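Let me begin by presenting the structure, written as structure tokens, before commenting on it.
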Amino acid sequence: PTDITDEDQCKALADAANGRFGRVDILVNNAFVQPPFETIEDNDMKTWRTGFEVNVFGSIQMTKAVIPHMKEGGAGSVIFINSMSARRIEAEFGVYSATKAALLTAAQTLAREVGRYGIRVNSVSPGWTWSKIMDTLSGHDRARTDAVAAPFHFTGRVGDPVEVGRVVAFLLSDAASV
């Protein structure tokens, strides 16, 4: 377990992985917090700070910890699990959307910076994806969740985690080398 908001823990994890396996090939940044669904006016600054500390700074710290190992190995792949909320603005999603937009920009910048070292950087921005929180919020009613999601998704439903996983697996593979 690693607290990605702690720079020393991120570095220790990256160093431990490199030491155990002899290299670091991949990093999938998927840690995030979903702040309360409130208006920007109603969100307190602690909520904003926590959102940025985990969703943006934590992912960046973990990435900064593995990049030297990837450079040393001459290759690597970093993936940021983002959200459609990085581009699609909805009321009461201000903190979440702002952090995901920042993360999208950071991923694009990082891709430009480390590509010359053989390190690929991608950001995957799925729509709503079926998860424990959705299961709980919907009272374990997937059909209800799909109905609520329909206007926001071309598929007319929430995604399945395996669908996101397939995209990530492709981007981590040699088939996505360019």
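Owing to the predicted nature of the structure, the values given are computational and were not obtained by experimental measurement.
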Any side-chain heavy-atom pair from [X] and [Y] closer than 4.5 angstrom?
X      : Y      : value
Leu103 : Ser123 : no
Glu113 : Leu110 : yes
Ile67  : Val78  : yes
Gln61  : Gln9   : no
His153 : Trp128 : yes
Val168 : Ile81  : yes

Separation of [Y] [atom2] from [X] [atom1] (nearest 0.5 Å):
X      : Y      : atom1 : atom2 : answer
Asn55  : Ile4   : CG    : CD1   : 8.0 Å
Gln34  : Ser85  : CD    : OG    : 7.5 Å
Leu171 : Arg166 : CG    : CZ    : 14.5 Å
Cys10  : Phe57  : SG    : CZ    : 13.5 Å
Asp25  : Met70  : CG    : CE    : 7.0 Å
Lys132 : Leu137 : NZ    : CG    : 12.0 Å

Over all heavy atoms of both residues, which pair between [X] and [Y] is shortest? Give the atoms and the distance, please.
X      : Y      : value
Glu38  : Asn43  : OE1-ND2, 3.2 Å
Ala86  : Ala101 : O-CB, 3.6 Å
Val164 : Pro126 : CG2-CB, 3.8 Å
Asn29  : Ser59  : OD1-O, 3.5 Å
Ile60  : Ala106 : CD1-CB, 3.7 Å
Ala14  : Val66  : CB-CG1, 3.8 Å

cation_pi(Lys100, Phe32) dist<6.0 Å, angle<=45: yes
Please check if [X] and [Y] belong to a single hydrophobic cluster, counting links between Ile, Leu, Val, Met, Phe, Trp and Tyr side chain heavy atoms closer than 4.5 Å.
X     : Y      : value
Ile40 : Tyr96  : no
Val33 : Met134 : no
Ile26 : Tyr117 : no
Met84 : Phe154 : no
Ile79 : Val121 : no

Does any N or O in the side chain of [X] come within less than 3.5 Å of the main-chain N or O of [Y], such that one atom is a donor and the other an acceptor?
X      : Y      : value
Ser138 : Asp135 : yes
Asp160 : Val162 : no
Ser97  : Phe93  : yes
Asp146 : Val158 : yes

Pair Thr47, Asp44: side-chain N/O donor-acceptor within cut-off below 3.5 Å: yes
Asp15-His69 side chain donor-acceptor pair, cut-off 3.5 Å: yes
Pair Arg157-Trp130, side-chain contact (heavy atoms from CB on, under 4.5 Å): steps then yes or no: CA-CA 9 Å; Arg157 64 174 176 80; Trp130 185 251; over 6 Å; no
More than 12 foreign heavy atoms under 6.0 Å from [atom1] of [X]: is that the case here?
X     : atom1 : result
Glu7  : CD    : no
Arg87 : CZ    : no
Arg88 : CZ    : yes

Step-by-step side-chain contact (heavy atoms from CB on, under 4.5 Å) determination, Phe80 to Leu104: CA-CA 8 Å; Phe80 293 90; Leu104 179 61; over 6 Å; no
side-chain contact (heavy atoms from CB on, under 4.5 Å) partner of Met62, the single match among Thr5, Leu13, Val28: Leu13
